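Numbered from 1 within each chain, the chains take letters A, B, ... in sequence-line order. Only heavy atoms go into these numbers, but all of them, side chains included; no hydrogens, no water, no symmetry mates. Because the structure is predicted, anything quoted here is derived from the model rather than measured.
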Amino acid sequence: MTPEATTPLSGFEPAFRTCAGELGVWSAARLFVNAAWAAGGETAVEALHDDLGLRYPVVDDVARRVLTVRAPLGPPRVDGVLARCEGLRALVVVGVEAALLGPVVDSLPPQVDVVALFDSTFPVDATRVQASWAPRVRLADLASFQRAAGSRSALVTPVYGADVFRAVVAPIWVRAHGPEVRLQFRRLIGVNLVGPRMAAYPRWLIDTPADDFTDLVETV
Amino acid sequence: MTVVPLVIFAAAILAQARHPDRRLPIVLVAAGLALLALALGGGRAQAVLAALPWDVLIILAALGVVSRVLALSHVFTRLAVVTTRGIGASPALLVPVASASMFVISGLVNNITALVLVLPVVITILQLSGTTERHLRWTIGSLLVACNLGGAATPIGDFPAVLLLGAGAMEFVAYLRLALPTATAGLVLFLGIVVAVVQPARGVPVDVLRRRITVAVVEGLHDRIRLQRRLLVPALLALGSMLAAWTLVPPRVGVPVHLIAWLGAGLLVFFLGSRGRAVVMEGVDVEATLFIFGLLVMVGAVRETGLFTTLAGALQALPLPPAGHLALFVGVAAVSTGFFSAGPSMAALLEVAAPLVNQLGADAVYIGLAFGVCAGSSLFLTAATSGPLAQSMVERAGLTDVAGRRLQFSFLSFVPVGLVGFAIILTVGIGAALIISGRVGS
């Protein structure tokens, strides 16, 4: 029997991409970094950061925050999002972050129709995603999400850092958001999971004008 | 009597083995042509359709519905997550524990459903906990062998056993009493050799940190997949009632096996209310059902030519003791399944088996046949549908070793696992058949 040891953490990328596809890149980063913190503290987080941080700026950001506060990263505050969802009949989530969608869905009244569009940057296991969210959340695509439009409907998307002018979003937002969509929904809500813009270039993500959104909610 | 149906049957079997992606149209067209040839040759084409074992198709459809509801209840996914936590994502324990779990699950639901439920969790563990070419090969390969063994262990686990049950060749209790210990012995022997001799986890870094992260990530990835008790309870009640009826209702009462399956699945769908229709649509594997229908039609047409009786006669005429006939028959079943897959082999060899039953006893011949087919299903990656499915799922996952090198699970990767599995299952199957026939000494 080989004695148990700690080898440099590496080779996590395929698993991270799977998680990022199904949970969202920020939720996956939080899951990995918090697991590393719980398993091996600062050393493990640094090792994970070395493995994934360069290629995934969100991992870099989350790892830095965990190392700064020396504690696992908590879930995002969703009270601001819920306040903006009051009176809605439908909520369309563009680009899923499980850490955000889960608490929001669990808090919304059951009569609110929740529709989700998954970003296709990373692979998505449709069976597992369906098992995780259906039937409370209806999965949709770019061709069909506008059926949920209306005066009591809103679009919501995760934001990975923003300043006064620009916000970093998942590519699916740019494909879903257009001049006609803006008129079809009561609110376009950006939920900032990261805070100020990340120091690293937002690889896998995309820049968009901050005024895409009628509401930009901070969760940090 | 014309031999054209036989030529069509042989051509179709070869063609579907060569082009598995087109097996359904090949078999359906060939079945139609075989019937046409029989009719034009003066044969009784209508009698072939009348003699089809429709009960087999009913059992397959009913079990498909129950399997689908069990899958939708997420019970197996939750068990997989709990098991991952239990073994602490240990690469060394992954092979025996995942294989044993697969054995149990595939004894209750069909092999494809079992694989689709268990493999994603195993792949995630392999992605995270670290693996090597050798570890990957034996982990996935052992899962496939265990899947085949589980399917043969119970009368409802896979098509060959269902065919025996539906065709009235064996009764439920008799099959379970003989096949379950045989399959369990095969699994124990196989896993014993894999764990003790092959040692698949040799060379995989044993890293406590990596294992803890793996458990946390597997739990996080499945966090929102919750047990659906409203589906699980009716599915277990339906399955339990069907098992109880198959076990306890004596044959003299006259309630056929397929009727119990029909009523069990029917009541389950009824109690699911509005979801029932979707479950039937998703649960009944139309491709598999039509494929087996086509095979049975072709076999029926060939039966009219008298070929199977001739083959059985030729086998019995060989200068061998009865034990030799039995062993040879099981061996032929295994090899033909390895090349032509389980469906065609089982459907055709069941016809050849019938005359041997008088000489060797039904239980010995049919249990031998079931395990011969099971051994053949494990020989090559392409011998059973579950093999290519596992291959594509592993390919999609893009697995790498801890150094970041891309790992493959291919036809050739499976060959050593297949050979070990084939040899063990065939040996156990022949041994069981000889013991049952009381001809161990001969």
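For the atom pair CH2 (A/Trp37) and CD1 (B/Ile213), the distance works out to 13.0 Å, reported to the nearest 0.5 Å. The distance from the CZ atom of B/Arg226 to the OG atom of A/Ser132 is 9.0 Å, given to the nearest 0.5 Å.
Residues A/Leu23 and B/Arg224 form no side-chain contact, since every pair of their non-hydrogen atoms from C-beta on lies 4.5 Å or further apart. Between B/Val217 and A/Phe16, every side-chain heavy-atom pair lies at or beyond the 4.5 Å cut-off.
Annotation: A/Arg152, atom CZ; neighbour count of heavy atoms from other residues, nucleotides and ligands within 6.0 Å is above 12. Around the CZ atom of B/Arg229, the shell of radius 6.0 Å holds no more than 12 heavy atoms that belong to other residues, nucleotides or ligands. Within 6.0 Å of CG on B/Leu237 lie more than 12 heavy atoms contributed by other residues, nucleotides or ligands. With a 6.0 Å radius and a threshold of 12 heavy atoms from other residues, nucleotides or ligands, B/Phe271 has its CZ atom at or below the threshold. When the shell of 6.0 Å around CZ of A/Arg89 is examined, it contains 12 or fewer heavy atoms from other residues, nucleotides or ligands. For CZ of B/Arg134, the number of neighbouring non-hydrogen atoms (other residues, nucleotides, ligands) closer than 6.0 Å is greater than 12. A 6.0 Å sphere centred on CZ of B/Arg277 holds no more than 12 heavy atoms belonging to other residues, nucleotides or ligands.
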_Worked verdict on A/Phe32 versus B/Leu128 for side-chain contact (heavy atoms from CB on, under 4.5 Å)_ = CA-CA 10 Å; A/Phe32 271 70; B/Leu128 289 156; 3.6 Å; yes
*Show your working on side-chain contact (heavy atoms from CB on, under 4.5 Å) between B/Leu221 and A/Arg128 and close with a plain yes or no.*
CA-CA 9 Å; B/Leu221 201 53; A/Arg128 192 154 50 197; 3.7 Å; yes
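The candidate with the highest count of non-hydrogen atom pairs below 4.5 Å against chain A, out of B/Arg396, B/Gln199, B/Glu219, B/His222, is B/His222. Taking B/Ile225, B/Val215, B/Leu126 one by one and counting their heavy-atom pairs under 4.5 Å with chain A, the maximum is reached by B/Ile225.
For A/Pro14 against B/Ala397, the heavy-atom pair with the smallest separation is CB-O, 4.0 Å.
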